[in-house]
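The first residue of the sequence shown is numbered 1, and numbering continues consecutively from there. Model, not experiment: these values are computed from the prediction. Any value given below was found using the heavy atoms of this structure, including those in side chains, with hydrogens, waters and symmetry copies removed.
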Amino acid sequence: MHPHIEKLLKCVALEETEQANRYKLDQQHSLKQLKAEGLAIHPIIVTRKNFGYADYPEINFKINFPSEINMFKDGAAIECFKNGEEPVKGVLLELDSKVGSFRLFAPDFPDWIEDDGVGIKLSPDTRTTGIMKKVLNELEKNKSLFKFFEQLHDSNQSVKQITPKPQPINFGNRQLNKSQQDAVNAVLQNENLIIVHGPPGTGKTTTLAEAIYQLTKKGERILVSAPSNTAVDNIVKMLIRLDIKVLRVGNTSKVDAAVFKHTPEGHLSNSKEQKEIKQLKIRAEEFRRMALKYKRNFGKAEREQRNLLFKEVKEIRNEIKKIQAYNEEKLFSEAQVIAGTPIGVYDTDLSKLQFHTLIIDEAGQCIEPLAWCIFPYAEKYVLAGDHWQLPPTVLSNAAAQLGLNNSILEVAIAHSQNVHLLNTQYRMRKSIAGFSSQYFYNNLLNTAEHLIDKGSHITFIDTAGSGFQEKHGPDGISLQNEGELNIVQQILQNENFELSKTAFISPYSGQVSTALELLPSEMRISTIDSFQGQEMENIIVSLVRSNEDGDIGFLKDYRRMNVAITRAKENLIVIGDSATIGIDKFYNEFLSYVEKNGNYRTVWEFEIML
């Protein structure tokens, strides 16, 4: 077996073990500890119950207390639990600040679901890790795919460099700039692998949508994927506007109305098959109601009767799935583009279809083994993203050290020259984008003409010497800095910021938890990691670190700072201790940049409350 496949298999196994250990709720892993690490949300309040797709129970809930939710991505494996009861496995459908929903893999809602003390916690996603292991073990059997694998991993091989030839293209989107047009041209002439490098605000998804439009005009069938449902939906919405026949597969229960019409469920909603499914669901509900006549404490005969009734529910659910599968097969054959997350695509079983091109958006967030789950479906590949933003989240430090948090984009960029930079950003004022352009993008990132500065748009507030020291929060794990939050409160009082257009972000979940208690609820409050891919008119960044040792922890991952300082469109305010962060060369350069191009203020301009 190829040594790198062996290494990836080892990484996946380490991650699987770490998940199993980290997500336990037992004597060694208390609920308080899981909550502190952002692995459990407790308590939740159930606001709605219904039977959703394929007749699985679905639950809407709200959270009344500030919680760290960064790890709870849509599609994550979860368990719904209550002390003293058997937990029920499920999948998180959606979670946004204080409201969310999940689906349970059970015939019915647990009896205790609306009791006090119900929570959800992350669960080991053994299904995803199992799929990755299976795919990696079978990789060498596919000769053409394995050749591509070797090109990405053997030092004496690389992806063949191609210089696209200028050709006339009748662009559907006539607003594309030259770098975007060049990227589309490169995708059209791609023979193996093309990388579209899209720094923040450069219109990466817009460019991909145009490339897909052009490929479908050539008669190509396209597979589109991204590691998050949100990213998939963003590109699907653009394709819908271009009148492309797109089918959105996977976890589609919480997509917006425009996208839902283009899911298998949406296509079914007004069909004769849907009427048949409705009748089956009514039957299933009758069996469930009969089963629920038996209470929790009953004898062997009652238990057997209840199990038989739930078996009937399961058989009806399988019948519904067969009807849906038959309907989906027809939809697959008619679609020009099929889109979903890697696991959503894999689960759909597209093995009978062959796609000309696979496009992975946000490829900088996609771990390599996930990409190999969907590479077999296509002949050519387009990877789009920015390797200078945050890498994929990996729980196991050992797996990360072996390279599991190296995204497929980073792997590909190291072995291919076919990289096409989108060089003009349309999101933020020039002074906000300037430092990132200078440090990460070799001064190649330009700013659209209408965003040339009007006054000062970037501010650093220096807390050096104020005594605003970092400290551990109540959980004893994550850090917080209440002095910096006091400054934020004064900024909100003094500046004429519209709260709904303002976000507070910080690298530390402890600071975010405290901010959720102190700052207005109308504004967005988030960790930097959770805010990647988003933007806001005004951004306030709290760096938290302030100590005598110059220890900046994971602020050392400068890509996190790149994300933080490229979210603001109009005003960026960064609060930190120059005596602590300024020892580091990167942050020292950032401070010098603000002095030259922005507004460098000190904490002494504010009311100091220690």
Ala106 versus Val88, closest heavy-atom pair with distance: CB-CG1, 3.9 Å
Quick one: closest heavy-atom pair of Cys80 and Ile113, and the distance? SG-CD1, 3.5 Å
Give a yes or no on this: more than 12 heavy atoms of other residues, nucleotides or ligands lie within 6.0 Å of atom CG of Asp116. no
If you look at every heavy atom in Arg22 and Leu34, which pair is closest and at what distance? O-CD2, 3.2 Å
Let me confirm one number: the CD-NZ distance from Glu114 to Lys82, rounded to the nearest 0.5 Å. 12.0 Å
Kindly indicate whether the side chain of Ser407, heavy atoms from C-beta on, has any atom under 4.5 Å from the side chain of Glu410. yes
Side chain Gln389, main chain Val563, donor-acceptor under 3.5 Å: no
Donor-acceptor pair, Ser546 side chain versus Phe468 backbone, under 3.5 Å? yes
Can you tell which of Asn229, Val236, Val232 makes a side chain to side chain contact (heavy atoms under 4.5 Å, CB included) with Val259? Val236
Audit row: Leu239, His262, side-chain contact (heavy atoms from CB on, under 4.5 Å) steps and yes/no: CA-CA 11 Å; Leu239 299 180; His262 299 267; over 6 Å; no
With rounding to the nearest 0.5 Å, note down the distance linking NZ in Lys24 to CD in Gln33. 12.0 Å
Decide yes or no on side-chain contact (heavy atoms from CB on, under 4.5 Å) for Phe504 and Leu516, but give the supporting numbers first. CA-CA 10 Å; Phe504 170 87; Leu516 284 164; over 6 Å; no
Do Ile78 and Leu122 make a side-chain contact, defined as non-hydrogen atoms from C-beta onward lying under 4.5 Å apart? yes
Residues, nucleotides or ligands: over 12 heavy atoms within 6.0 Å of Asn21 CG: yes
For Ala371 and Ile360, which heavy atoms make the closest approach, and how far apart are they? CB-CD1, 4.3 Å
Would you confirm whether Lys121, through its side chain, and Phe81, through its main-chain N or O, come within 3.5 Å as a donor-acceptor pair? no
Ile63 side, atom CD1; Lys98 side, atom NZ - distance, nearest 0.5 Å: 9.0 Å
Atom pair CE (Met561) and CD1 (Ile552), whose distance is rounded to the nearest 0.5 Å: 10.0 Å
Before you tell me yes or no, could you show the steps for Asp108 and Val313 under side-chain contact (heavy atoms from CB on, under 4.5 Å), namely the whole-Å CA-CA distance, both residues' side-chain angles and the distance that decides it to 0.1 Å? CA-CA 9 Å; Asp108 199 3; Val313 172; over 6 Å; no
Got more than 12 heavy atoms from elsewhere within 6.0 Å of CD, Glu329? no
Give the minimum heavy-atom separation between Ser228 and Thr341, together with the two atoms involved. C-CG2, 3.8 Å
Partner of Ile487 under side chain to side chain contact (heavy atoms under 4.5 Å, CB included), chosen from Ile573, Ile575, Ile540: Ile575
Would you call Lys204-Glu362 a salt bridge at under 4.0 Å N-O? yes
Side chains of Gln401 and Asn397: donor-acceptor distance under 3.5 Å anywhere? no
Side-chain heavy atoms of Asn538 within contact of Met536, under 4.5 Å: no
Partners meeting salt bridge (Lys or Arg N to Asp or Glu O under 4.0 Å) with Arg545 (sequence neighbours left out): Glu470, Asp551
So, Glu535 and Arg567, do they make that salt bridge, N to O below 4.0 Å? no
Close side-chain approach of Pro369 and Leu404, heavy atoms under 4.5 Å: yes
Gln19 pairs by side chain to side chain contact (heavy atoms under 4.5 Å, CB included) with which of Leu395, Thr128, Leu39? Leu395
Over 60° means perpendicular and under 30° means parallel, so tell me whether Phe51 and Phe109 are parallel, tilted or perpendicular. tilted
Derivation and outcome, side-chain contact (heavy atoms from CB on, under 4.5 Å), residues Arg524 and Phe531: CA-CA 9 Å; Arg524 182 87 161 85; Phe531 207 72; 3.7 Å; yes
Side chains of Phe375 and Ile408 in contact at under 4.5 Å (non-hydrogen atoms): yes
Check: Gln489 side chain, Leu519 main-chain N or O, donor-acceptor pair, under 3.5 Å: no
Any side-chain heavy atom of Val488 sitting closer than 4.5 Å to one from Glu484? no
Verify, without hydrogens or angle tests, whether Gln365 (side chain) and Pro391 (backbone) share a donor-acceptor contact under 3.5 angstrom. yes
Under 4.0 Å between a side-chain nitrogen and a carboxylate oxygen: does that hold for Glu312 and Arg283? no
What pair of heavy atoms forms the shortest contact from Trp372 to Leu136, and how long is it? CD1-CD2, 4.5 Å
Are more than 12 heavy atoms from other residues, nucleotides or ligands located less than 6.0 Å from atom NZ of Lys133? yes
Does a side-chain heavy-atom distance below 4.5 Å link Asp529 with Arg560? yes
Residues Ser396, Glu18; criterion side chain to side chain donor-acceptor pair (under 3.5 Å); working and verdict: CA-CA 6 Å; Ser396 166; Glu18 181 64 24; 5.0 Å; no
Separation between CD (Glu94) and CZ (Arg103), nearest 0.5 Å, reads 12.5 Å
Roughly how far, to the nearest 0.5 Å, is the CZ atom of Phe102 from the CD1 atom of Ile59? 4.0 Å
Distance-only donor-acceptor check, side chains Asn481 and Ser542, under 3.5 Å: no
Under a 3.5 Å threshold, yes or no: a donor from one side chain and an acceptor from the other, between Ser506 and Gln511? no
Are Lys471 and Gln480 packed together at the side-chain level, in the sense that at least one heavy-atom pair is separated by less than 4.5 angstrom? yes
Between the side chain of Arg427 and the main-chain N/O of Thr566, is any donor-acceptor distance below 3.5 Å? yes
